[in-house]
*Asks:* 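Here you go, one structure.
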Amino acid sequence: MNSLERTKLKKLKTKKFSISSKDIKPELIKEASDLLLNNEVVAFPTETVYGLGAVITSEDALKKIYKAKGRPIDNPLIVHISDYSMLEDIVKEIPEKAKILTNELWPGPLTIILKKKDSISSIVSAGLDTVGVRMPSNTIAHSLIDATDIPIAAPSANISGKPSVTTSNYLVEDLDSKVAGLILSEDSEIGFESTVIDMTVEPPMILRPGFYSKEDIEKVIGAVSLSEGITLNKEPDRPASPGMKYKHYSPNANVILIKSDNEDEFKAKFKSLVNNKNKEYAFIFTTEDLILSDFPNLIIKKLGVSEEDFGHHIFSALRDADKEGAELILVQIPQKIENSLAIMDRLLHASNYTVY
Ligand code: TXA
Ligand code: MG
């Protein structure tokens with residue numbers, strides 16, 4: 001083994017902090033924050049998905065994020081802040097619409113793209129002259145940034161390409177022995193990522209659909225546009241943002257989405273797909289019970305009827321199905337999920353745009 005291989009295999013001793021958002025222990029937050037100030041990487045909960053953080057002032061630390069995730073270096077990181085003055089330190093100017101929008105929707109699942117100050121490392125922006133910034137509402141995330149007193153760059157805390165992490169068990173599975181610290185907490189409240197909106201163009205443009213819909217945002221600042229590709233049910237010719245071009249949100253098993261406005265049609269599609277006795281199938285669906293009695297060996301994941309329930313559980317359901325040995329995961333797409341751009345975006349990526 002040469003020295004390069006040895007460095008690759010070197011395992012870190014990962015410090016785990018169990019912190020409940022209902023009883024935040026300041027001494028544990030301080031310990032995790034000290035790791036960050038020591039140029040180490042620490043994963044922490046946010047209201048959307050878990051994030052993998054490093055202070056934006058240490059290029060050493062920022063590089064560790066890319067290494068731990070196996071993230072392509074041309075995919076920029078989102079900077080997380082705990083108060084508005086931090087935004088002023090990061091970006092060149094804050095347009096009026098950005099002020100109005102953040103005033104209404106921060107703290108929360110909204111990331112704005114603005115022109116970055118020259119002082120912000122190009123490792124954060126992956127070489128772009130812009131930077132994504134978000135103020136999370138999760139109280140542990142807030143306390144951690146506050147205690148560190150430096151903005152924290154954090155992508156989603158999953159190995160690149162896999163479904164995002166929304167539960168502490170999958171945080172350990174993906175990152176144990178790869179980073180210095182993990183803050184283990186409750187399941188992510190929302191379960192999928194923030195809306196990313198470019199505020200450097202007029203009208204502002206949504207680059208990644210997320211918790212806040214186009215309509216939610218338009219109620220606050222008037223018309224915004226959707227980046228080309230987001231609205232389509234097929235693979236876009238051009239990615240909306242650097243991160244959208246990579247394999248994303250994908251479990252090991254293949255995923256197929258089945259639309260189900262009409263029950264008979266759905267049954268026929270389902271039967272034609274679940275046709276090999278020797279294969280392990282998983283089925284992810286809402287609580288409308290369908291034809292399960294005909295398929296006794298399915299791995300079943302019921303997500304609940306509402307869009308909130310579906311969004312909250314979808315990433316962990318994909319991971320659970322993998323863990324239970326599924327070779328093919330079928331996901332029922334009822335009309336109301338089809339109407340959710342954010343959830344459909346994740347599922348289209350997970351299934352590599354395979355829709356029946
Ligand atoms: O909810 C979230 O946003 C989570 C939590 C942890 O905050 N974070 C997250 O980060 O989803 P990540 O790295 O998995 O996704 C960031 C997305 C990528 O698609 C990236 O390309 C885009 O935001 N992005 C970041 N900075 C950008 C920039 N300057 N210009 C265009 N797109 C940018
Ligand atoms: Mg991600």
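On a predicted model such as this, the values are computed, not experimentally measured, just so you know.
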*Asks:* F285 and side chain to side chain contact (heavy atoms under 4.5 Å, CB included): which single residue from L303, I300, L330 fits?
*Replies:*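 When side chain to side chain contact (heavy atoms under 4.5 Å, CB included) is applied between F285 and each of L303, I300, L330, only I300 qualifies.
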*Asks:* Identify, with sequence neighbours excluded, every residue that meets salt bridge (Lys or Arg N to Asp or Glu O under 4.0 Å) alongside K269.
*Replies:*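 With neighbours one apart ignored, the set is E265.
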*Asks:* With rounding to the nearest 0.5 Å, note down the distance linking NE2 in H312 to CD1 in I343.
*Replies:*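 With rounding to 0.5 Å, NE2 (H312) is 12.0 Å from CD1 (I343).
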*Asks:* Can you say whether the rings of F211 and F192 are parallel (under 30°), tilted (30 to 60°) or perpendicular (over 60°)?
*Replies:*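 Correct class here is tilted.
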*Asks:* Measure the shortest side-chain to side-chain distance between F17 and K15 over non-hydrogen atoms and say whether it is less than 4.5 angstrom.
*Replies:*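 Yes. Closest side-chain heavy atoms under 4.5 Å.
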*Asks:* Between the side chains of R208 and D345, is the shortest nitrogen-to-carboxylate-oxygen separation below 4.0 Å, so that they form an ion pair?
*Replies:*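 Not counted as a salt bridge, because no side-chain N and carboxylate O are separated by less than 4.0 Å.
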*Asks:* Using the salt bridge (Lys or Arg N to Asp or Glu O under 4.0 Å) criterion, which residues pair with K277? Sequence neighbours excluded.
*Replies:*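 If we apply the salt bridge (Lys or Arg N to Asp or Glu O under 4.0 Å) test to K277, skipping adjacent residues, there are no hits.
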*Asks:* So, D187 versus T167: side-chain donor-acceptor pair below 3.5 Å or not?
*Replies:*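 No.
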*Asks:* Is it true that the side chains of D309 and S306 contain a donor and an acceptor less than 3.5 Å apart?
*Replies:*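 Looking only at side-chain atoms, S306 and D309 do form a donor-acceptor pair, the distance falling under 3.5 Å.
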*Asks:* Indicate whether any N or O donor in one side chain lies under 3.5 Å from an N or O acceptor in the other, for S20 and D23.
*Replies:*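 Absent: no donor and acceptor within the cut-off.
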*Asks:* Is it true that K214 and E218 make a salt bridge, defined as a side-chain N closer than 4.0 Å to a carboxylate O?
*Replies:*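 The answer is yes: the pair qualifies as a salt bridge.
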*Asks:* Using every non-hydrogen atom in the two residues, find where E186 and K22 come nearest and quote the distance to one decimal.
*Replies:*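 Nearest pair, atom of E186 first, then K22: OE2-NZ, 3.5 Å.
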*Asks:* Can you tell whether the side chains of K25 and E31 come within less than 4.0 Å, N to carboxylate O?
*Replies:*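 Between E31 and K25 there is no salt bridge, as every charged N stays at least 4.0 Å from the carboxylate O atoms.
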*Asks:* Show, in sequence, the C-alpha distance, side-chain angles and deciding distance for Y50 and F44, and conclude whether the ring-ring contact (aromatic ring centres under 6.0 Å, His included) test is met.
*Replies:* CA-CA 6 Å; Y50 276 79; F44 60 94; 8.5 Å; no
*Asks:* For E104, which residues count as a salt bridge (Lys or Arg N to Asp or Glu O under 4.0 Å) partner, sequence neighbours excluded?
*Replies:*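 Applying salt bridge (Lys or Arg N to Asp or Glu O under 4.0 Å) to E104 gives none.
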*Asks:* Looking at CG of L144 and CG of L35, how far apart are the two atoms once the value is rounded to the nearest 0.5 Å?
*Replies:*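 Those atoms lie 10.0 Å apart.
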*Asks:* Checking side-chain polar atoms at under 3.5 Å, does Y170 have a donor or acceptor matched by the opposite partner on D320?
*Replies:*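 A donor-acceptor contact under 3.5 Å links the two side chains.
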*Asks:* Any salt bridge between R134 and E47, counting N to O under 4.0 Å?
*Replies:*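 Salt bridge present between R134 and E47.
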*Asks:* Say whether T48 and E193, considering side chains only, have a donor N or O and an acceptor N or O under 3.5 Å apart.
*Replies:*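 Side chains of T48 and E193: no pair found under 3.5 Å.
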*Asks:* Can you confirm whether the side chains of N352 and T354 place a donor and an acceptor under 3.5 Å from each other?
*Replies:*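 Distance-only check fails for N352 and T354.
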*Asks:* Starting at CG of D146, measure out to CD1 of I81 and round the result to the nearest 0.5 Å.
*Replies:*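 Separation between the atoms: 11.5 Å.
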*Asks:* Is the closest side-chain donor-acceptor distance between N158 and S156 under 3.5 Å?
*Replies:*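 N158 vs S156: donor-acceptor pair found between side chains.
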*Asks:* If you measure from the Lys or Arg side-chain nitrogens to the Asp or Glu carboxylate oxygens, is any gap between K178 and D176 under 4.0 Å?
*Replies:*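 No salt bridge links K178 with D176.
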